[in-house]
Amino acid sequence: MSEAKRGARFELRGLTKQFKEKQVLKDINLTVNQGEFIAIVGRSGCGKSTLLRLIAGLESPSSGGIIWGDADGQIGKPGEHTRFLFQEHRLLPWKTVLDNVRIGAKNDRNRAAEVLEQVGLADRGAEWPSVLSGGQKQRVALARALASRPKLLLLDEPLGALDALTRIEMQQLIEWLWQEEGFTVILVTHDVSEAVTLADRVLLIEEGQIALDVRIELARQRERDNGFTYYENLVLQRVLGKPALSDISAAGRKVSYSI
Ligand SMILES: Nc1ncnc2c1ncn2[C@@H]1O[C@H](COP(=O)(O)OP(=O)(O)OP(=O)(O)O)[C@@H](O)[C@H]1O
């Protein structure tokens with residue numbers, strides 16, 4: 001890790017969000033520890049993105065709040081140390097790859113080049129985003145997000161549009177960068193396998209509340225073995241109300257489950 005424990009620590013206290021008469025999140029209480037990797041799963045429309053937007057300060061809670069603090073005491077507004085990555089890369093097409101990353105690096109060319117190297121695209125800086133593959137564009141977006149050394153990375157289905165192999169490569173890259181840099185991650189995903197692969201804790205949101213908060217006690221880098229299946233089933237049983245299927249692919253690997 002480049003600096004000791006840089007991740008954000010924060011507490012959600014009685015967080016509630018209502019859009020007109022619709023109550024989306026009800027009394028959410030959660031402590032997120034420094035450098036923790038948390039995955040949030042749940043059915044479409046259960047409020048996952050709303051929760052991320054509240055944490056990022058892009059929405060205001062109807063009631064309750066967030067208490068920010070790390071080992072050094074309180075830290076500032078979430079926007080100063082938080083970066084978002086979405087399913088769409090949101091790169092500027094009229095800027096080169098390096099210049100896109102420079103935006104995140106507060107114009108520091110050396111830092112932009114450094115983080116571009118970390119995502120394996122050191123030799124592509126002079127090119128336009130349009131000539132890159134979908135996975136490469138998402139790597140650039142990740143580099144831009146990490147260029148300012150955020151304490152908190154919010155990932156809203158960032159791998160949802162990628163093919164299966166590119167997705168696995170991106171998962172490995174995110175895990176490696178997280179281990180190297182020590183930032184805290186909140187990942188929203190529909191893919192329970194992805195959540196169990198990457199997260200220290202998997203949270204399931206149902207009816208506006210945290211219905212499940214499971215600590216994944218598996219060594220990294222995780223294999224899809226019996227232990228992995230146990231956690232996957234734990235989450236899926238709660239969502240589906242019955243044991244998950246036990247499909248085994250031709251290669252003997254469990255298939256990926258989405259909700
Ligand atoms: N700005 C808004 N105004 C009114 N309703 C909203 C607004 N933002 C979200 N909602 C509603 O809040 C609920 C939760 O939306 P949210 O996008 O957080 O769900 P989600 O779990 O992220 O869904 P998905 O998995 O489909 O992305 C939905 O019913 C949505 O229509």
Side-chain angles (χ1 to χ4, degrees), residues 8 10-30 32 36-66 77-79 82-90 134-135 137-138 141-142 145 150 152-164 166-167 170-171 174 184-214 216 231-232 234-241 244 255-259:
F10 57 98
E11 289 176 34
L12 310 183
R13 294 252 184 102
L15 208 63
T16 295
K17 184 65 183 176
Q18 194 144 348
F19 291 112
K20 294 193 175 141
E21 68 282 358
K22 185 177 175 61
Q23 184 148 42
V24 177
L25 296 172
K26 301 172 201 162
D27 193 26
I28 300 274
N29 291 290
L30 177 71
V32 177
E36 227 175 0
F37 197 130
I38 291 186
I40 300 177
V41 299
R43 290 181 187 275
S44 182
C46 72
K48 303 181 293 296
S49 296
T50 302
L51 184 57
L52 279 196
R53 291 175 60 76
L54 286 167
I55 293 168
L58 300 173
E59 296 272 3
S60 302
S62 306
S63 63
I66 303 177
K77 283 181 280 179
T82 301
R83 291 291 174 269
F84 238 118
L85 192 63
F86 302 94
Q87 186 162 324
E88 327 82 59
H89 54 77
R90 303 189 183 187
K137 285 177 194 159
Q138 208 53 324
L142 180 61
L152 175 61
L153 186 62
L154 301 175
L155 303 174
D156 197 351
E157 262 304 301
L159 313 184
L162 303 179
D163 67 83
T166 308
R167 192 169 179 139
M170 276 296 280
Q171 287 171 358
I174 288 170
T184 301
V185 180
I186 314 280
L187 165 72
V188 162
T189 179
H190 287 274
D191 184 341
V192 175
S193 307
E194 182 165 285
V196 175
T197 299
L198 291 176
D200 295 320
R201 282 160 75 192
V202 177
L203 308 184
L204 169 67
I205 298 188
E206 266 181 4
E207 297 176 3
Q209 296 190 303
I210 297 173
L212 206 61
D213 181 348
V214 190
I216 310 295
Y231 286 110
E232 206 175 37
L234 200 67
V235 178
L236 284 162
Q237 277 179 28
R238 178 67 196 241
V239 178
L240 303 171
V255 297
S256 180
Y257 290 110
S258 289
I259 51 176

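First listed ligand is number 1; within each ligand, the first listed atom is number 1.
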*asked:* Below a 4.0 angstrom heavy-atom separation, can you tell me which part of Lys22, side chain or backbone, both or neither, approaches ligand 1?
replied: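 The answer is the side chain.
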*What do we get for His190 next to ligand 1 when only non-hydrogen atoms under 4.0 Å count, side chain, backbone, both or neither?*
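Side chain only; the backbone of His190 stays clear of ligand 1.
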*With heavy atoms under 4.0 Å as the rule, classify the contact between Val24 and ligand 1 as side chain, backbone, both or neither.*
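Looking at Val24 and ligand 1, just side chain atoms fall under 4.0 Å.
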_Please check whether Glu59 reaches ligand 1 - meaning an N/O of the residue sits under 3.5 Å from an N/O of the ligand, judged on distance alone._
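In fact, backbone or side chain, Glu59 has no N or O that close.
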*Kindly indicate, with the supporting measurements, whether the criterion side-chain contact (heavy atoms from CB on, under 4.5 Å) is fulfilled by Leu51 and Leu25.*
CA-CA 8 Å; Leu51 184 57; Leu25 296 172; 3.9 Å; yes
*Output yes when a side-chain donor or acceptor of Lys26 lies under 3.5 Å from a complementary backbone atom of Leu15, and no otherwise.*
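Not at all, since once roles are kept as given, no pair shorter than 3.5 Å links the two residues.
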*Backbone or side-chain N or O of Phe19 under 3.5 Å from ligand 1 N or O*: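 N/O-N/O distance under 3.5 Å: no.
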*Do me a favour and list the nearest non-hydrogen protein atom to atom 25 (O) of ligand 1 with residue, atom name and distance?*
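Scanning the protein heavy atoms, the shortest distance from atom 25 (O) of ligand 1 goes to Lys48 NZ, 2.8 Å.
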_Criterion side-chain contact (heavy atoms from CB on, under 4.5 Å) on Leu159 and Ile174, from CA distance to verdict_ = CA-CA 11 Å; Leu159 313 184; Ile174 288 170; 4.2 Å; yes
*Among all protein non-hydrogen atoms, which one is nearest to atom 26 (O) of ligand 1, and what is the separation to 0.1 Å?*
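The answer is Ser44 OG, 2.6 Å.
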*Would you find more than 12 non-hydrogen atoms of other residues, nucleotides or ligands less than 6.0 Å from Glu207 atom CD?*
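Not more than 12 within 6.0 Å, no.
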*Between the main-chain N or O of Leu187 and the side-chain N or O of Lys48, is there a donor-acceptor pair closer than 3.5 Å?*
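A pair under 3.5 Å: no.
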*asked:* Suppose we measure from atom 17 (O) of ligand 1 to each protein heavy atom; which comes out shortest, and what is that distance?
replied: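 Result for atom 17 (O) of ligand 1: Ser49 CB, 3.7 Å.
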*Could you find the nearest protein heavy atom to atom 18 (O) of ligand 1 and give me its residue, atom name and distance?*
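The closest heavy atom on the protein side is Thr50 OG1, 2.6 Å.
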*For the pair Arg238 and Glu206, evaluate side-chain contact (heavy atoms from CB on, under 4.5 Å) and give the outcome as yes or no after the intermediate values.*
CA-CA 10 Å; Arg238 178 67 196 241; Glu206 266 181 4; 3.7 Å; yes
*Hey, does Gly45 sit under 4.0 Å from ligand 1 if you only count heavy atoms?*
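Contact present.
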_Note, Gln138 side chain near Thr166 side chain (heavy atom, < 4.5 Å)_ =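 No, their side chains stay 4.5 Å or more apart.
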_Any protein heavy-atom neighbour for atom 12 (O) of ligand 1 (distance below 4.0 angstrom)?_
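Yes, at least one protein heavy atom sits under 4.0 Å from atom 12 (O) of ligand 1.
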*When only distance counts, is Cys46 in polar contact with ligand 1, meaning an N/O pair under 3.5 Å?*
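N/O-N/O distance below 3.5 Å exists for this pair.
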*Taking atom 4 (C) of ligand 1 as the reference point, report whether a protein heavy atom occurs under 4.0 Å from it.*
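For atom 4 (C) of ligand 1 the answer is yes, since some protein heavy atom falls inside 4.0 Å.
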_Any non-hydrogen side-chain atom of Leu234 less than 4.5 Å from a side-chain atom of Val202?_
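The answer is no, as the side chains (C-beta and beyond) never meet within the 4.5 Å cut-off.
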*asked:* A side-chain contact here means heavy atoms from C-beta on lying under 4.5 Å apart; do Val239 and Val41 qualify?
replied: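 The answer is no; the side chains never approach within 4.5 Å.
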